[in-house]
Amino acid sequence: MEKLQELYDSLIKKYGRQGWWPINNKYRPGNYDYPNNNLERFEICVGAILTQNTSWINVVKALDNLRKKGLLDPHNMSIAKEERIGELIKPSGYFNQKAKKLKEFAWFFLSHGTDDNDHDVPKREELLEIWGIGPETADSILLYAYKKPEFVIDAYTKSLLLHERIIKGDESYDMLKSLFQENLPKDYKLYNEYHALIVEWGKNQAKN
DNA sequence: TTCCAGGCAATAC
DNA sequence: GTATTGCATGGA
């Protein structure tokens with residue numbers, strides 16, 4: 001399946017490096033060093049939860065609201081009332097559910113260490129046990145917040161593979177993930193860029 | 001006005 | 001195990 005590498009090459013040629021994951025709405029093309037502390041790491045996780053079935057532009061509004069009130073922080077988030085979180089994240093939709101998800105995740109995050117130099121990388125299984133964290137969100141957190149080579153599959157990914165006639169369309173999340181991971185070098189920087197490029201491709205498709 | 005966006009859990013069959 | 005349905009705001 002050399003197609004996947006060729007597909008990547010064509011996407012990067014067309015769209016260029018994407019600079020994911022944006023921190024404080026800033027993209028850093030070609031720089032894969034972020035996050036470099038726990039606050040940045042937490043912000044990525046929060047964004048991953050808020051963007052579930054939601055356009056990123058609405059997520060930015062919610063993140064800005066949380067930041068202004070000091071709640072883009074695991075300690076403050078964990079002790080905040082769900083209603084208060086819900087008010088601040090309203091623009092990102094599903095705010096009742098997402099407020100609960102964020103609080104649950106904040107506690108989990110804290111349980112893995114509060115110090116920049118003493119914070120454990122969570123296992124995929126334990127992320128999936130958290131209410132509100134499914135396979136895509138878990139892989140997004142592992143890839144973008146923890147720099148682990150876990151390929152992220154989303155709705156655009158399936159759409160692109162269908163478009164390229166690489167799949168039939170009835171494949172599961174895990175099957176699609178394996179397809180990428182078994183046919184590409186196990187490199188978090190490559191996975192980072194590839195998923196971001198697929199999203200960029202998807203956004204452009206919608207315009208046509 | 002309708003449709004959908006960087007999904008997930010609950011429920012139904 | 002696979003198919004539906006509710007969750008919700010804001011922009012096109």
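The chains referred to below are lettered A, B, ... by the order of the sequence lines, with proteins before strands, and numbering in each begins at 1.
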On DNA chain B, nearest-nucleotide positions of A/W20 versus A/I133: which is more 5'?
A/W20

Identify whether the distance between the nearest side-chain nitrogen and carboxylate oxygen of A/R124 and A/D139 falls below 4.0 Å.
yes

For A/I153, answer base if it contacts any base atom (sugar-phosphate contacts may also be present), sugar-phosphate if it contacts only those atoms, and nothing otherwise; contact means non-hydrogen atoms under 4.0 Å.
nothing

Quote, to the nearest angstrom, the C1' distance that separates C/dG6 from B/dC4.
16 Å

Rounded off to whole Å, could you give me the CG-to-P distance for the A/L128 and B/dC8 pair?
9 Å

Salt bridge check: are A/K14 and A/E200 linked by an N-O gap of less than 4.0 Å?
no

CA sep, side-chain torsions, deciding dist, call: A/T114, A/H75, side chain to side chain contact (heavy atoms under 4.5 Å, CB included)
CA-CA 9 Å; A/T114 56; A/H75 295 93; 3.8 Å; yes

Using whole Å, what does the distance between atom P of nucleotide B/dA9 and atom CD of A/Q52 come to?
8 Å

Determine the Euclidean distance between corresponding C1' atoms of B/dT1 and C/dA12; express it in Å to zero decimal places.
12 Å

Spacing of A/L176 atom CG relative to B/dG7 atom P, expressed in whole Å:
14 Å

For a quick check of understanding: with a heavy-atom distance under 4.0 Å over all strands, which category does A/I198 fall into, base, sugar-phosphate or nothing?
nothing

Using atom C1' in both nucleotides, what's the gap between C/dA8 and B/dC3 to the nearest angstrom?
14 Å

Do the side chains of A/K168 and A/D170 get close enough for a salt bridge, i.e. N-O under 4.0 angstrom?
yes

Any idea how A/F151 and A/F180 line up, ring-wise: parallel (<30°), tilted (30 to 60°), or perpendicular (>60°)?
parallel

Flag the pair A/K158 and A/E171 as a salt bridge only when some basic side-chain nitrogen lies within less than 4.0 angstrom of an acidic carboxylate oxygen.
no

Give a yes-or-no answer on whether the side chains of A/E193 and A/Y8 include a donor-acceptor pair shorter than 3.5 Å.
no

For A/D139 and B/dG7, what is the distance between atoms CG and P respectively, to the nearest whole Å?
13 Å

Does B/dG6 have its OP1 or OP2 closer than 4.0 Å to a side-chain nitrogen or oxygen of A/W201?
no

Heavy-atom contacts under 4.0 Å between residues 86-109 of chain A and DNA chain C, which residues?
A/K90, A/P91, A/G93, A/Y94, A/F95, A/N96, A/Q97

So if I apply the side chain to side chain contact (heavy atoms under 4.5 Å, CB included) rule between A/L88 and each of A/L102, A/L72, A/L71, which one comes out positive?
A/L71

Aromatic ring proximity A/W20/A/Y144, centre distance under 6.0 Å
yes

Could you tell me whether the phosphate oxygens of C/dG10, OP1 or OP2, come under 4.0 Å of any side-chain nitrogen or oxygen in A/T54?
no

For the pair made of CG in A/D154 and P in B/dC8, what is the distance, rounded to whole Å?
10 Å

Starting at NZ of A/K203 and ending at P of B/dC4, how long is that distance when rounded to a whole Å?
18 Å

To the nearest angstrom, the CH2-P distance between A/W131 and B/dA10 comes to 7 Å

Without decimals, in angstroms, what is the distance between A/E136 CD and B/dA5 C1'?
12 Å

Would a single hydrophobic cluster contain both A/L142 and A/L128, if residues Ile, Leu, Val, Met, Phe, Trp and Tyr are joined by side-chain heavy-atom contacts under 4.5 Å?
no

Enumerate the residues from residues 55-72 of chain A whose closest heavy atom to DNA chain C is under 4.0 Å, giving them by residue number; use none for an empty result.
A/N58, A/K61

